[in-house]
> 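Dropping a structure here in structure tokens format, bear with me for questions.
Numbers for residues simply follow the sequence, beginning at 1. Numbering of ligands and ligand atoms starts at 1, following listing order.
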Amino acid sequence: MAVIDLPSPNHAARQAPVDVLVLHYTELPLEESLRVLRDDRREHRVSAHYVLAEDGAIYRLVPEDRVAWHAGRSHWRGRDALNGTSIGIEIVNLHGDRHDYPDEQIAALIELCRDIAGRHPAIVPRNVVGHSDIAPKRKVDPGLRFPWARLAASGVGLWPRAGAKPVEGDIQAALQAFGYPPAAEVTTADIVAAFQRRFRSAQEDGIADPETRALLADLLQQVDARCE
Ligand SMILES: [Zn+2]
């Protein structure tokens with residue numbers, strides 16, 4: 001796996017071990033993304049550990065043992081401010097709801113994610129997340145067209161199987177049990193919509209119908225079986 005080093009000045013010291021991998025789309029073309037993520041004169045400086053071009057080329061901007069600034073306000077599995085404990089990959093795509101991700105880009109992404117998880121075993125499949133999972137409503141990347149099922153088939157992240165018995169009762173509690181944030185800054189409907197954006201892209205209405213509840217039930221069974 002060839003990696004092109006293109007250092008960004010936007011990083012900080014790590015205070016805690018890495019156990020989350022966050023996937024983003026850039027919303028900008030490659031050259032502009034590399035410029036913005038390496039610019040230290042912006043009011044809100046941003047960066048990521050890696051940028052992944054459409055042709056599969058991998059750029060390393062921040063070393064994994066430093067904190068990059070990609071997640072912002074965020075929450076997963078009871079923890080806030082995930083920059084401190086995560087690695088961030090920015091995938092070049094102008095809008096993942098509208099533009100497909102090229103095959104060669106996804107093949108390179110899978111290789112990169114497996115490589116990263118190999119160095120950080122605490123990044124269990126459950127902790128491979130989209131920006132939209134950890135910042136519901138505020139963020140929508142990597143988008144409805146992101147091929148999560150294909151990644152999961154390669155051991156990167158999770159994907160629900162059909163046919164589970166739907167979760168009953170408090171959907172918010174069940175979403176939080178999987179990792180989603182509490183309904184504080186956003187509503188439970190926003191969080192259901194974020195879940196659907198990731199796992200049920202055909203219906204993104206924020207309504208916890210039986211199908212949505214069944215997918216969540218299967219994911220909870222998977223993490224339980226894996227003792228994650
Ligand atoms: Zn993002």
> Is H131 close enough to the Zn ion (ligand 1) that one of its N, O or S atoms comes in under 2.8 Å?
yes
> Is it the case that more than 12 heavy atoms not belonging to R114 sit under 6.0 Å from its CZ atom?
no
> Angle class for the W159/F199 ring planes (parallel below 30°, perpendicular above 60°, tilted otherwise)?
tilted
> Determine, stepwise, if the pair H131 / D141 fulfils side-chain hydrogen bond (donor to acceptor under 3.5 Å, both in side chains).
CA-CA 6 Å; H131 204 182; D141 57 318; 3.3 Å; yes
> Restricting to N, O or S atoms of H24, which is nearest to the Zn ion (ligand 1)?
ND1
> Kindly confirm whether the Zn ion (ligand 1) is within less than 2.8 Å of some N/O/S atom in D141?
yes
> Is any side-chain heavy atom of S47 closer than 4.5 Å to a side-chain heavy atom of L61?
no
